[in-house]
J.: 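Dumping the structure here so I can ask a few things about it.
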Amino acid sequence: MAYDKQKAQQIWQVVTTIPEGKVASYGQIADLAGLPGRARLTGKVLGYAPSALKLPWYRVLKSNGQLAFPAGSPMAEKQKGHLQEEGVVVLKNRVRLKDFGWIPELAELLSLKF
DNA sequence: GTATTGACAGACG
DNA sequence: GCGTCTGCCAATA
C-alpha cells in the first residue's frame with residue numbers, strides 16, 4: 001500500500017497500550033507512534049484497523065477531549081457506550097480530560113520498544 | 001502530477 | 001466551552 005504498514009501497526013500498538021478508564025488524543029497517539037504531526041494519519045489507520053485486533057479505538061479522542069464523531073452517529077454512540085462501560089464519563093459527546101486524560105508512563109513507552 | 005478530502009491540532013475571538 | 005481559520009501530511013480521485 002501507499003502507507004507504511006509498520007507505522008500503522010505501531011499506531012495500533014499504542015492504542016492497545018491505553019489503559020482502561022483512560023483516553024488519549026489522536027495527536028498523542030501519533031506522537032507516541034513516531035508520527036509527530038500526523039494525527040490525521042492516525043485516524044485513517046484506525047479506519048484500516050480490523051476488528052480482529054480488538055483495537056480500543058473508542059479510547060481515542062480529539063485534542064480537546066471531544067469524540068471524533070458527531071453526536072448521534074452510530075459509531076459515536078457505540079464509542080460512548082464502551083467508554084462509560086469502562087468508567088469514563090461522557091457528556092455531550094465529550095470527556096473530562098482533566099480526569100480521564102491518559103498520561104503515558106515510562107513503562108508504557110518501554111513497551112513500545114523505543 | 002494536480003486537486004480534494006480527512007476518525008486532527010493549535011491559535012483566535 | 002464553541003465556532004472558525006490555518007497548518008500539516010498522507011490517502012484518494
Side-chain angles (χ1 to χ4, degrees):
Chain A
M1 287 304 285
Y3 71 93
D4 197 332
K5 196 171 183 180
Q6 184 68 31
K7 304 292 186 186
Q9 188 156 19
Q10 183 75 347
I11 291 176
W12 297 335
Q13 176 65 32
V14 175
V15 175
T16 304
T17 309
I18 304 176
E20 252 182 54
K22 295 289 183 177
V23 295
S25 66
Y26 284 89
Q28 181 126 30
I29 299 300
D31 186 38
L32 292 174
L35 298 169
R38 266 142 285 244
R40 310 196 90 131
L41 239 295
T42 305
K44 274 184 165 52
V45 171
L46 287 182
Y48 301 145
S51 56
L53 294 177
K54 300 176 182 176
L55 197 66
W57 55 269
Y58 46 84
R59 292 182 191 150
V60 186
L61 314 173
K62 289 194 182 184
S63 61
N64 66 341
Q66 188 172 37
L67 300 190
F69 291 104
S73 190
M75 298 292 273
E77 289 299 305
K78 182 176 181 177
Q79 180 174 22
K80 177 169 167 283
H82 278 295
L83 290 174
Q84 288 183 147
E85 198 170 320
E86 296 188 352
V88 178
V89 179
V90 180
L91 292 176
K92 299 297 180 181
N93 218 72
R94 187 168 292 110
V95 178
R96 290 188 188 182
L97 288 179
K98 185 180 180 185
D99 296 328
F100 302 106
W102 176 48
I103 302 175
E105 298 177 22
L106 183 61
E108 312 294 353
L109 297 177
L110 290 176
S111 66
L112 298 177
K113 301 175 181 175
F114 268 106

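Below, chains carry the letters A, B, ... as their sequence lines are ordered, and counting in each starts from 1. Heavy atoms only: backbone and side chains are in, while hydrogens, waters and symmetry mates are out.
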J.: Let me check something: any side-chain donor-acceptor pairs from residues 69-84 of chain A under 3.5 Å, sequence neighbours excluded? List them with distances.
T.:
residue	atom	partner	partner atom	Å
A:Q79	NE2	A:Y58	O	2.9
A:Q79	NE2	A:V60	O	3.2

J.: Could you give all pairs that pass the salt bridge (Lys or Arg N to Asp or Glu O under 4.0 Å) test and reach residues 50-61 of chain A, with sequence neighbours left out?
T.: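 As it turns out, the salt bridge (Lys or Arg N to Asp or Glu O under 4.0 Å) pairs with a partner in residues 50-61 of chain A, which skip direct neighbours, are A:R59-A:E86.
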J.: Which residues pass the side chain to side chain donor-acceptor pair (under 3.5 Å) test with A:R38, not counting sequence neighbours?
T.: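 A:R38: no side chain to side chain donor-acceptor pair (under 3.5 Å) contacts found.
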J.: Which is it for A:V23 and A:I18 under the side chain to side chain contact (heavy atoms under 4.5 Å, CB included) test, yes or no, and what are the steps along the way?
T.: CA-CA 7 Å; A:V23 295; A:I18 304 176; 5.9 Å; no
J.: What are the atom names and distances for every N/O pair under 3.5 Å that joins the protein to nucleotides 7-11 of chain B?
T.:
residue	atom	partner	partner atom	Å
B:dA7	N3	A:Y26	OH	2.8
B:dC8	N3	A:R40	NH1	2.9
B:dC8	N4	A:R40	NH1	2.5
B:dC8	N4	A:R40	NH2	2.9
B:dA9	OP1	A:Y26	N	3.2
B:dA9	OP1	A:G27	N	3.0
B:dA9	OP1	A:S63	N	3.3
B:dA9	OP2	A:S63	N	2.6

J.: Which is it for A:L35 and A:T42 under the side chain to side chain contact (heavy atoms under 4.5 Å, CB included) test, yes or no, and what are the steps along the way?
T.: CA-CA 9 Å; A:L35 298 169; A:T42 305; 5.5 Å; no
J.: Determine: side-chain N/O of A:Y48 to OP1/OP2 of C:dT12, distance under 4.0 Å, yes or no.
T.: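 Yes, such a contact exists.
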J.: Within this structure, what is the CG-to-C1' distance between A:D31 and C:dC9, rounded to whole angstrom?
T.: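 It works out to 15 Å between those atoms.
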J.: How about A:P36 and A:D31: do any of their side-chain heavy atoms sit closer than 4.5 Å?
T.: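 Yes. Closest side-chain heavy atoms under 4.5 Å.
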J.: Counting only non-hydrogen atoms, which of residues 13-22 of chain A are less than 4.0 Å from DNA chain B?
T.: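 None, since no heavy atom is under 4.0 Å.
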J.: Please report, rounded to the nearest Å, how far the P atom of C:dA10 is from the CD1 atom of A:I29.
T.: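 Computing the A:I29:CD1 to C:dA10:P distance gives 19 Å.
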J.: Nearest-Å distance, CD (A:Q66) to P (C:dG1)?
T.: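 The answer, rounded to whole Å, is 10 Å.
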J.: According to ring-ring contact (aromatic ring centres under 6.0 Å, His included), does anything in residues 25-46 of chain A pair up with another residue at least two apart or in another chain? List the pairs.
T.: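 ring-ring contact (aromatic ring centres under 6.0 Å, His included) check on residues 25-46 of chain A returns no pairs.
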J.: Identify all side-chain donor-acceptor contacts of residues 94-107 of chain A below 3.5 Å with residues at least two apart in sequence or on another chain.
T.:
none

